[in-house]
Structures are given as C-alpha cells and as structure tokens.
Participant: 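Input: one structure, supplied below.
Quick note on labels: first sequence line is chain A, next is B, and so on, each numbered from 1. Computed over heavy atoms, backbone and side chain alike; hydrogens, waters and symmetry mates excluded. Note that the structure is predicted; figures quoted are calculated from it, not measured.
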There are 2 protein chains.
Amino acid sequence: MKWSELSDNWCPVARTLSVVGDRWTLLILRDCYLGKSKFEEFAASSGMTRHILAERLKRLVEEGVLERRLYSEAPKRYDYVLTEKGEELRPALRVMKDWGKKHMPVRREAKT
Amino acid sequence: MKWSELSDNWCPVARTLSVVGDRWTLLILRDCYLGKSKFEEFAASSGMTRHILAERLKRLVEEGVLERRLYSEAPKRYDYVLTEKGEELRPALRVMKDWGKKHMPVRREAKT
DNA sequence: GTCATAAGTTCCAAAACAAAACGTAGGGGC
DNA sequence: GCCCCTACGTTTTGTTTTGGAACTTATGAC
C-alpha cells in the first residue's frame, strides 16, 4: 500500500497518519508548538535536510495544518504558523513528550 | 541525520519518534489497541508488506513496546501483545483518531 | 562591489520500500 | 503416506524516497 492511499482509509488514525505519520513531520509540529516558525529555525532544530523540510512544509500547508505567511515584503520572506487544525494535534505531541521522558532515557550526550 | 541518532536527542518527543515515528509502526499499535495480535492479522488489516511488518514488530519487541508470546507449542506460533509501556501510548492514538474523524473526511470508499 | 541572510531548489549516491515468491513446521482429509 | 492448508516469517528484485552538499534568488548592510 502506498502512503497516499492511506488518506481514504476507513480508519481515522490511518487518515491522520497520511498527513503527520512520517519521520519528520511531527518534529516540525513540535518546533511549531515551541514557538518556531521559520524555515531556518526548523532546519537547525530538527536536523532534517532542507530538501525534506521544504517538501514536508508544503504538504502541511496543503493539508491545512500550517499556514504560509508573508512576514517581510522586501525581501519577500515567508514563515509557517499553526492553524486551528494544527493546534488540535498538540495533545498527541504532549503524550509523546511524557512517554519519551518516562520510557526513553538519554544514554549519552546529545549534540543539538 | 539518521533515524537511529534520534534516540539520544535532547527532546523527549524526538526520542519517542525514534521508536514509533514511522509510517507503519503506529498502525501496528492501532491494531493492537483494537485487539489484534497475530502477524497475519496485522498484515491483512494495515496493508503493509510482510517484509516491513516483520521488521517493525522486531523493533517494537526490542524496544519493549510489544512482547512476543508463544501461543502454540506445536506448531510453534508466536503473537504480539502490548506491554505496559506500549499501553501508555494509547492516548496519543486516541488524539489522532479524534483528529482524523474531525479533519480528514473520507472522500471515496475505502477498500479495506 | 562584496559579504551576509533567508528561503528554498537541484543533483547524485545510498537507503528504504513494495510486490511477490519462497521457506518451514506442523495439521487434517483421505 | 501424500497432498494441500495455516501461519510466521525470509529472500529477491526493481522502484521510490531520503541524505548530504552545493547552488539560486532577492535584498540589506558595510
């Protein structure tokens, strides 16, 4: 089964995962919940490549989870802010945060 | 950044995602929460290939989210049941279920 | 004019994935 | 005894996605 076919699955969990169920997308959302909004902020914080980041942002905007917003006229600069739809996933990330704290201790020092 | 490097990230969300943050793993958990436990049940329900399913189950067992259980001596047959650790992710899936119901309507008939 | 900033895009090799066949260890019918 | 069935995987082959790094575009600062 292909990723895209998931969006019409009978199961609402599967449909949700068709939007946010990959490696990096939820890390972008985490950054949004932490107040980040700019391309360079996401890139620096998450460690994902710019290539993938651009694609995921595009997808999140298409799905209405984020909104691409012009924040500077000259030079033209865009950032990304959560929509109400995007905000409503926050509780899922909170569960993952608590679960990680409890069950996934850090074994050595992180770099980021 | 590689997938595996995420497991020692400073962020607990990232560490959680190093275990459950891929395309199919959360669908396996969904099936577990629905009472499924057998390899063939997961394969039929989720639509993922047996190849990937086997790998994800192995990983979930290694991480202590599922437990591989001998349920038949002859022939030897194993299935997979949630541990307490695995149970504690259920609330995250519940959020995704509600979000999917609200924000991701089915556009055409599903096949599964 | 030259350097810096910010949001991307392009290129190529490496890794992950999909699909389908195959393996293994028994059980059941005849 | 022989053949097909069930169930948990593994192997193989070709395609798709990803990772890493360089490049682009538009503008402001010096």
Side-chain angles (χ1 to χ4, degrees), chain A residues 1-9 14 17-28 31-32 35-62 66-81 111-112, chain B residues 1-9 14 17-28 31-32 35-62 66-81 111-112:
Chain A
M1 182 187 276
K2 302 252 183 65
W3 188 227
S4 54
E5 294 172 37
L6 229 46
S7 62
D8 288 304
N9 199 277
L17 292 175
S18 77
V19 180
V20 298
D22 85 293
R23 226 187 254 227
W24 301 115
T25 303
L26 288 166
L27 283 184
I28 296 176
D31 283 350
C32 291
K36 294 183 169 63
S37 71
K38 300 203 178 64
F39 191 95
E40 300 295 331
E41 289 177 325
F42 297 135
S45 156
S46 66
M48 85 184 82
T49 65
R50 316 169 69 71
H51 178 87
I52 300 298
L53 174 57
E55 199 191 284
R56 294 298 188 277
L57 287 171
K58 189 163 157 247
R59 182 155 173 67
L60 285 170
V61 169
E62 281 168 5
L66 298 181
E67 193 193 326
R68 190 165 182 262
R69 181 184 61 172
L70 184 72
Y71 75 90
S72 159
E73 277 292 350
K76 278 209 190 311
R77 291 284 151 77
Y78 298 89
D79 67 353
Y80 299 86
V81 291
K111 324 174 186 180
T112 311
Chain B
M1 183 186 274
K2 302 253 181 67
W3 189 226
S4 54
E5 294 173 40
L6 230 46
S7 62
D8 288 303
N9 199 278
L17 292 174
S18 76
V19 180
V20 298
D22 85 294
R23 225 186 254 229
W24 301 115
T25 302
L26 288 165
L27 283 183
I28 296 177
D31 283 349
C32 290
K36 295 184 170 64
S37 70
K38 299 202 177 66
F39 190 95
E40 299 297 331
E41 288 177 325
F42 297 134
S45 157
S46 66
M48 85 185 81
T49 65
R50 316 169 68 70
H51 179 85
I52 299 297
L53 174 56
E55 196 191 285
R56 293 298 187 276
L57 287 172
K58 189 163 157 248
R59 180 155 175 68
L60 286 170
V61 169
E62 281 168 5
L66 298 182
E67 192 193 328
R68 191 164 182 262
R69 181 184 61 173
L70 184 71
Y71 74 90
S72 158
E73 276 291 350
K76 277 205 190 312
R77 291 286 151 74
Y78 297 89
D79 67 354
Y80 299 85
V81 291
K111 323 173 184 176
T112 311

Participant: What is the distance, to the nearest angstrom, from the CZ atom on Phe39(A) to the C1' atom on dT24(D)?
Facilitator: 13 Å

Participant: Report yes if some heavy atom in the side chain of Glu5(B) is under 4.5 Å from a heavy atom in the side chain of Asp8(B); otherwise report no.
Facilitator: no

Participant: Taking atom P of dA7(C) as reference, at what distance in whole Å does atom NZ of Lys58(A) sit?
Facilitator: 18 Å

Participant: Check Glu62(B) with Arg68(B), please: is the shortest side-chain N to carboxylate O separation under 4.0 Å?
Facilitator: no

Participant: Starting at atom OH of Tyr78(A), determine the distance to atom C1' of dT9(C), rounded to an integer number of angstrom.
Facilitator: 16 Å

Participant: Just the rounded figure in Å: distance from C1' of dG9(D) to CZ of Arg69(B).
Facilitator: 18 Å

Participant: Within a strict 4.5 Å, meaning less than it, do heavy atoms of the Leu17(A) and Asn9(A) side chains meet?
Facilitator: no

Participant: Determine the minimum heavy-atom distance between Leu53(A) and Phe39(A), stating which atoms define it.
Facilitator: CD2-O, 3.4 Å

Participant: I need the minimum non-hydrogen distance between Ser45(A) and Lys36(A), along with the two atoms involved.
Facilitator: CB-CE, 3.7 Å

Participant: Which part of the nucleic acid does Phe42(A) contact within heavy-atom distance under 4.0 Å: base, sugar-phosphate only, or nothing?
Facilitator: nothing

Participant: How does protein contact run along nucleotides 17-30 of chain C, one letter per nucleotide 5' to 3', with B for base contact, S for sugar-phosphate only, - for none, heavy atoms under 4.0 Å?
Facilitator: SSB-----BSS---

Participant: Side-chain contact test, heavy atoms from C-beta onward, threshold under 4.5 Å: evaluate it for Thr25(B) versus Val19(B) and give yes or no.
Facilitator: no

Participant: Once you round it to whole Å, what is the distance between C1' of dC8(D) and OH of Tyr80(B)?
Facilitator: 7 Å

Participant: Take the protein atom CG of Leu53(A) and the nucleotide atom P of dT17(D), then report the distance between them rounded to whole Å.
Facilitator: 18 Å

Participant: Counting just side-chain N and O atoms, does Tyr71(B) come under 4.0 Å of either OP1 or OP2 of dC8(D)?
Facilitator: yes

